[in-house]
Amino acid sequence: MKKAWWKEAVVYQIYPRSFCDSNGDGIGDLNGITSKLDYLKELGIDVIWLSPVYKSPNDDNGYDISDYEDIMTEFGTMDDFDKMLAAAHDRGIKIVMDLVVNHTSDEHPWFVESRSSKDNEKRDYYIWKEGKDGKEPTNWGSAFSGPAWKYDEKTDMYYLHLFSVKQPDLNWENPKVRKEVFDMMTRWCEKGIDGFRMDVISLISKPEGYPDAKVVGLYGDMGICANGPKVHDYLKEMNEKVLSKFDIMTVGETAGVTLEEAKKYANTDGSELNMVFQFEHMDLDGGEKFKWSTQPMPLVPLKENLSKWQKGLDGVAWNSLYFCNHDQPRIVSRLGDESDAYRELSAKCIATCLHMMQGTPYVYQGEELGMTNTVFNSVDDFRDLESINAYRELVESGLYTDEDMFPKIAHKSRDNARTPMQWDASENAGFTTGKPWIAVNPNYKKINVADQLKREDSVFHYYQKLIRLRKENEIIVYGNYELLLPEDENIFAYKRTLDNQKLLVVCNFSKSEQKFDFSGYENAKVLISNYNRDARKDGILKPYEATVLLLENA
Ligand code: NOJ
């Protein structure tokens with residue numbers, strides 16, 4: 001298999017708003033990030049993916065950009081950015097920027113002009129349509145509730161917004177839009193950044209003829225826009241004009257991606273992107289019509305799904321490995337156990353299972369501490385527009401009662417990932433000296449960086465070891481994958497093979513002891529174990545036990 005630095009790297013995602021506040025305004029910022037680079041160096045990561053730091057009115061916390069080449073006031077200045085980039089590079093850490101170009105903010109000057117009149121030269125930068133029988137042009141729903149079209153009185157037409165009304169979709173059919181985006185990307189690359197994570201890039205090419213979509217829930221499914229007819233042409237053009245000119249890393253956030261589509265986006269010929277984020281495994285604990293539910297993540301389908309991606313992309317594309325990001329609730333609360341007895345063990349078990357697979361692992365801030373979902377007492381505790389709008393819409397429409405909906409939203413809300421990073425046991429978890437923009441998780445005295453740095457057996461030190469092992473053992477990066485015991489409801493076990501080496505990964509995802517047959521691995525060495533023991537001695541896996549064995553000369 002062709003080697004590449006981004007295949008061997010471990011990425012750490014920072015959600016700047018919630019990472020570290022250096023000036024006491026309650027909002028994390030760039031100087032805060034700079035002050036924590038040594039912490040990240042100690043963890044051992046190679047790349048930071050920075051959620052958007054561009055100028056934004058913050059309807060969707062920076063995913064609504066009003067100037068791609070300026071920094072959000074709350075986060076600092078371009079000078080602060082340059083210092084942060086240089087300080088990261090000094091430590092051998094790369095920085096990957098979030099590229100949000102499916103849409104802009106409605107406050108972006110392009111949109112302000114576009115909506116001003118039908119003959120404005122920027123009119124075609126966005127997607128404007130006439131209404132149909134006095135209604136929206138299609139039945140599509142927006143990802144953040146309500147229809148995906150907004151009527152604009154000024155010109156008596158509708159504009160498309162797959163996300164909030166303040167996030168109008170760019171018209172990628174227009175070559176001028178593509179040129180603006182590519183030129184902007186080039187300027188960032190020339191500044192020295194190390195890559196892009198591309199926000200909902202699978203949605204940029206809309207379906208021909210704008211047909212209605214199958215109704216799921218209250219509206220037509222906007223997923224009809226995923227993997228559209230020209231998306232691969234656009235990405236090839238982007239690759240030719242920008243990406244291929246720099247040694248950078250690219251990962252596409254590809255909602256609705258299938259295995260077959262992923263092979264095109266992340267093909268090994270390098271004509272589009274390096275890798276994609278798929279969503280199938282994250283949808284396994286969703287409700288019937290919406291993502292809102294309180295179900296735990298089911299293990300057998302999870303094994304089946306991740307194994308499908310491991311085998312399906314082997315040698316033909318590249319996987320990204322993730323359980324957490326700023327859009328997902330905390331994985332310990334979905335797949336592990338939050339109790340004091342099992343929180344750390346289950347966090348380590350989950351991490352082992354993911355980090356020993358083939359692909360580039362992503363660690364989301366706080367995941368390396370085993371941070372959990374937070375506690376919401378009322379709707380007023382939410383900050384995320386997705387949660388707030390969904391709650392209102394689904395209760396008002398009569399689909400759910402208030403009592404039914406609240407626990408579901410509390411379990412799945414993106415705000416679970418967005419509570420401040422827990423640095424220490426001091427007020428506000430050491431995140432800010434001011435009033436945090438979103439409440440700190442009440443468990444910060446128990447779960448925080450200061451405590452975990454001190455403790456040898458902490459989740460932090462376990463992640464540190466997993467990251468180091470990946471660097472020391474090529475088999476973890478490049479070996480092929482085979483699932484063992486596919487039907488077992490408690491154990492997630494798999495084998496990796498590279499040349500004459502074999503790696504056995506065994507994770508017990510239950511609270512009860514399980515038997516496991518280690519035959520064939522008598523001469524293997526234990527690479528890591530979350531109980532710090534050799535499970536071969538009794539052939540038993542304790543609750544949430546995870547162990548990895550390496551067999552040389554197999
Ligand atoms: C995906 C991002 O990860 C999410 O946070 C955002 O709300 C939407 N795209 C819209 O940009």
Side-chain angles (χ1 to χ4, degrees), residues 11-19 28 48-68 72 96-108 111 126-127 140-146 148 150 159-170 172 181 196-204 206 222-223 225-227 231 250-257 265 273 275-279 282-283 290-291 320 322-330 362 364-365 367 382-390 409 412-419 437-438:
V11 184
Y12 186 90
Q13 184 194 351
I14 292 183
Y15 195 64
R17 203 175 185 76
S18 304
F19 192 61
I48 293 171
W49 148 27
L50 210 54
S51 273
V53 296
Y54 315 95
K55 187 139 277 172
S56 163
N58 283 305
D59 189 49
D60 185 20
N61 291 353
Y63 283 91
D64 48 319
I65 296 167
S66 54
D67 186 342
Y68 289 104
M72 191 191 299
V96 161
M97 302 290 282
D98 220 308
L99 181 79
V100 189
V101 289
N102 173 69
H103 44 266
T104 67
S105 161
D106 65 340
E107 296 180 34
H108 193 292
F111 190 73
Y126 295 85
I127 301 171
W140 306 347
S142 112
F144 296 151
S145 303
K150 171 84 178 150
Y159 69 84
L160 179 68
H161 61 90
L162 293 182
F163 294 88
S164 97
V165 282
K166 287 185 65 66
Q167 292 167 301
D169 279 53
L170 281 166
W172 274 72
V181 170
F196 296 105
R197 172 269 186 190
M198 304 185 185
D199 191 70
V200 289
I201 203 71
S202 53
L203 301 181
I204 58 177
K206 313 302 189 237
M222 62 162 259
C225 297
N227 314 311
V231 68
T250 52
V251 50
E253 190 214 21
T254 44
V257 72
Y265 287 117
L273 306 175
M275 60 190 121
V276 295
F277 290 128
Q278 64 100 358
F279 282 77
M282 290 283 104
D283 294 338
F290 308 97
K291 76 177 209 181
S320 51
Y322 80 99
F323 276 142
C324 296
N325 61 41
H326 65 294
D327 293 331
Q328 298 293 337
R330 295 283 178 179
Y362 288 73
Y364 176 68
Q365 64 185 47
E367 182 182 345
F382 294 112
R383 294 287 173 274
D384 177 23
L385 83 170
E386 184 199 37
S387 307
I388 297 168
N389 292 353
I409 301 247
K412 288 307 243 349
S413 174
R414 308 194 294 182
D415 281 336
N416 283 302
R418 299 175 181 188
T419 61
W437 70 276
I438 184 170

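In this chain, numbering begins with 1 at the start of the sequence shown. Atoms within a ligand are numbered from 1 in the order they appear, just like the ligands themselves.
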Is the backbone of K291 close enough, under 3.5 Å, to the side chain of K412 for a donor and an acceptor to pair up by distance? yes
Answer with yes or no whether H103 contacts ligand 1, where contact means a heavy atom under 4.0 Å from a ligand atom. yes
Quick check against the 3.5 Å criterion: does Y265 have a side-chain atom that pairs as donor or acceptor with the backbone of V251? no
Using modelled atom types and a 3.5 Å cut-off, is there a donor and acceptor pairing between side-chain atoms of D169 and backbone atoms of L162? yes
Backbone, side chain, both or neither: what part of F144 comes under 4.0 angstrom of ligand 1, heavy atoms only? side chain
For ligand 1, which atoms sit closer than 4.0 Å to a heavy atom of R414? 4 (C), 5 (O), 6 (C), 7 (O)
Under 4.0 Å from any heavy atom of R418, which atoms of ligand 1 are there? 5 (O)
Does even one non-hydrogen atom of M198 get within less than 4.0 Å of ligand 1? no
Sorted by chain and number, sequence neighbours left out, salt bridge (Lys or Arg N to Asp or Glu O under 4.0 Å) with R383 holds for none
Taking the side chain as every heavy atom from C-beta outward, state whether K55 and Y68 have any pair of such atoms under 4.5 Å apart. no
List for me each residue that meets salt bridge (Lys or Arg N to Asp or Glu O under 4.0 Å) alongside R197, sequence neighbours excluded, and say none if there are none. D98, D199, E253
Does Q328 come within less than 4.0 Å of ligand 1, judged by its heavy atoms? no
Atom 3 (O) of ligand 1 - nearest protein heavy atom and its distance: D327 OD2, 2.5 Å
Checking a contact table here: which protein heavy atom is nearest atom 1 (C) of ligand 1, and how many Å away? D199 OD1, 2.9 Å
Where the side chain of T250 meets the backbone of L273, is there a donor-acceptor pair that is under 3.5 Å apart? no
Give me the nearest non-hydrogen protein atom to atom 6 (C) of ligand 1 as residue plus atom name, then the distance to 0.1 Å. D60 OD2, 3.3 Å
